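Quick notes on the structure that follows.
All heavy atoms count here, side chains included; hydrogens, waters and symmetry mates do not. Since this is a predicted model, take the numbers as computed values, not measurements.
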Amino acid sequence: MASKGRNPKKGGDQKREKLLIAAIDFGSTYSGYAFSFKDDFQINPLKIYTNNWSAEQSGGISYKAPTTVLLKPDQTFHSFGYDAEDKYATLTEADEHEGWYYFSRFKMKLMNALDISRDQSGSDRLFTELKRDMEIDDIDGKKMSFMTIIAHAIRYLKEHLLKQLKEKNVLDAITVDGIFWVITVPAIWTDSAKQFTREAATEAGIHDDQLMLAYEPEAAALYCRLLPIDKFESGGEHKELVLQTFERGKTFMVLDLGGGTVDFTVQQTTSTGKMKSIYEVCGGPWGGTRVDEEFRQFLIKLMGADVLSEFKDECRSDYLDLMRMLEVKKRKVDLHSNHAIQIRISPVLFEILEEHTGCKISEIISQSPYASSVTCSNDKLNIDINLFRSFFRNSLHDIIYHLRGILEDQSCKSLLGIVVVGGFADSPFVIDRLKDAFPGKRIIVPMGAGLAVAKGAVLYGHNPDIICSRVCRYTYGDDVCEPFIEGQHPYADMTTFDDMKYCRNVFRKFFEKGEKVSLGEKRSFTADCDFRDKNREYQREEPLKIKVYVSKKLNPMLIHDVGCRILGEIIVKCGKKKWPDLFTCTIDMEIAKTEIQVSAKMSTGDKASAMFNFL
């Protein structure tokens with residue numbers, strides 16, 4: 001069972017010696033892992049091992065596997081990645097897929113759940129949308145526990161790595177207790193999404209005190225800082241300028257272009273060699289899957305939604321091959337190419353098209369808006385290069401628009417370079433467009449950009465204190481009553497106590513949006529507790545629950561102001577069976593790590609424990 005709330009134990013990751021760090025790069029479209037040994041890290045930090053994945057039906061080899069989970073009809077796990085895709089394709093071709101559960105690219109549901117929902121009046125609803133018991137639909141609309149599906153993915157990657165270690169006889173020298181795990185998450189995720197991931201990892205068999213989360217762009221930055229000059233694909237005749245970007249006191253940006261999300265983070269190397277954030281992390285769902293969707297929309301406009309849907313349902317293997325070929329083509333097109341993009345299409349798709357329309361593909365093309373930009377020869381579609389580049393337009397527009405806004409901020413004026421990582425960075429066209437849009441900036445691309453996050457997460461696991469400060473994305477606080485001020489506080493929130501007027505629901509601020517917070521820096525607030533009233537006797541054994549709110553405003557007045565929402569609640573438990581009659585509880589809160597930590601102290605000297613519940 002997943003815990004109902006968690007507080008990463010201070011020093012919990014130091015109880016056992018970290019003999020091996022294993023990082024799971026759990027991505028929206030592709031996932032993989034990397035690992036390194038403590039001894040190797042101390043001698044050569046870049047001695048990091050990864051795994052190659054193969055696709056049986058397409059014969060391809062990649063450094064990551066599709067984030068795809070296949071369950072049997074009895075809801076037990078069958079396979080992951082290429083194996084899941086290939087097995088499901090075989091089942092559909094034999095018409096034996098009925099009852100099987102197929103989940104693909106499901107991580108983005110965590111991203112979608114982060115949006116603040118609005119009620120019919122347009123006001124923000126004061127609760128988080130991400131719940132432990134939320135469900136997710138498979139390809140046919142069958143429902144399963146979302147956390148269980150994520151746990152299946154994490155468990156598979158964990159066990160696959162352990163199997164590799166066992167085959168190399170490594171586990172004879174290193175027990176499972178000596179392995180510490182790092183799971184990567186987008187820097188723009190909320191605390192509820194991070195807790196959801198952690199609890200899924202616990203369900204997957206990773207002990208809570210052997211697990212930490214790493215922000216994807218920060219991990220990539222750690223990796224790129226250590227790379228030698230010949231491991232960068234860009235730099236031209238002035239490659240020495242690339243390494244200057246990471247010198248102490250210099251500022252640089254990491255642009256993590258994933259399949260689903262895009263993250264921006266601006267880092268500065270300190271005089272002691274650590275890294276600190278100097279700008280609030282930001283990003284959105286603008287990754288490579290946007291290009292995939294534009295390509296699908298092109299096929300729908302050309303052939304019809306019903307044709308593509310039948311092809312996808314009835315010829316799963318051919319459809320997967322088509323999308324895998326698109327991945328290959330995305331990595332070949334650039335800004336200056338004039339040649340058409342040739343994509344092999346299964347003849348079955350043309351047959352389905354003719355059954356639905358009575359027309360051959362050549363006739364359909366001639367009558368479509370693509371008559372001058374698409375031709376067909378045998379089983380190949382020849383797509384004009386400008387049309388193919390247009391599939392990137394919306395994604396690149398959003399990336400460049402937000403990047404331009406960041407660069408205009410005063411704190412980023414001295415930024416030396418933009419380090420571009422992630423699977424989407426493997427596309428030369430994406431890199432060309434960034435260079436074209438920002439000719440005065442140094443665009444830096446490491447070789448194997450898609451593995452930078454996983455390898456960097458390994459480095460972070462060995463030395464998590466290397467990130468010494470971060471910038472608050474929100475203003476954090478709780479709700480209190482304050483003396484009522486005429487003209488400032490709304491009468492709707494006024495209450496009286498001992499003939500004195502008070503305002504309820506006042507936002508008491510702990511941390512402020514945009515504030516730079518150092519690792520280990522804490523903010524304290526107090527809660528006065530009085531259990532002398534006999535009507536509260538039943539609460540004597542119940543934990544205290546303190547709601548914490550966040551806002552994008554610097555100084556929100558009330559917790560129900562537009563833009564404020566509940567982040568979660570701090571749950572405080574007494575070390576004894578019952579709370580004392582009267583005491584003050586002091587809560588210490590730290591947000592500079594990847595996960596918020598809280599602790600509690602009682603004025604009576606009694607012991608108390610605290611944890612955060614974001615779900």
* Could you note down all residue pairs passing ring-ring contact (aromatic ring centres under 6.0 Å, His included) where residues 259-279 supplies at least one of them, sequence neighbours left out? => none
* **Non-hydrogen atoms of A153 and F80 that approach each other most closely** => CB-CE1, 3.7 Å
Considering residues at least two apart in sequence or located in another chain, which fulfil the side chain to side chain contact (heavy atoms under 4.5 Å, CB included) criterion with [X]?
X: V480; answer: D478, E482, V506, R508
X: T604; answer: P580, F583, M602, D606
X: L161; answer: A22, Y33, F35, L165, W181
X: Q75; answer: Y101, M144

* Asked: Pick one: which of I406, V266, D409 meets side-chain contact (heavy atoms from CB on, under 4.5 Å) with L415?
  -> V266
Can you name the residues that form a side chain to side chain donor-acceptor pair (under 3.5 Å) with [X], not counting sequence neighbours?
X: R504; result: none
X: E486; result: Y491
X: T261; result: none
X: T270; result: T272

* Asked: Side-chain contact, heavy-atom cut-off 4.5 Å: D561 with K553?
  -> yes
* Asked: With a 4.5 Å limit on heavy-atom distance, are the side chains of P464 and M212 in contact?
  -> yes
* Asked: Would you call R198-D208 a salt bridge at under 4.0 Å N-O?
  -> yes
* **Flag for D479-N505: side-chain donor and acceptor within less than 3.5 Å** => no
* Asked: With distance as the sole criterion, is a donor-acceptor pair present between the side chains of S277 and Q267 under 3.5 Å?
  -> yes
* Asked: According to the interplanar angle, ranging from 0 to 90°, do the rings of Y156 and F77 count as parallel (below 30°), tilted (30 to 60°) or perpendicular (above 60°)?
  -> tilted
Mind checking ring pair (Phe, Tyr, Trp, His ring centres under 6.0 Å) for [X] and listing every partner two or more places apart, or none if nothing turns up?
X: F146; value: F196
X: F252; value: F246
X: F41; value: H462

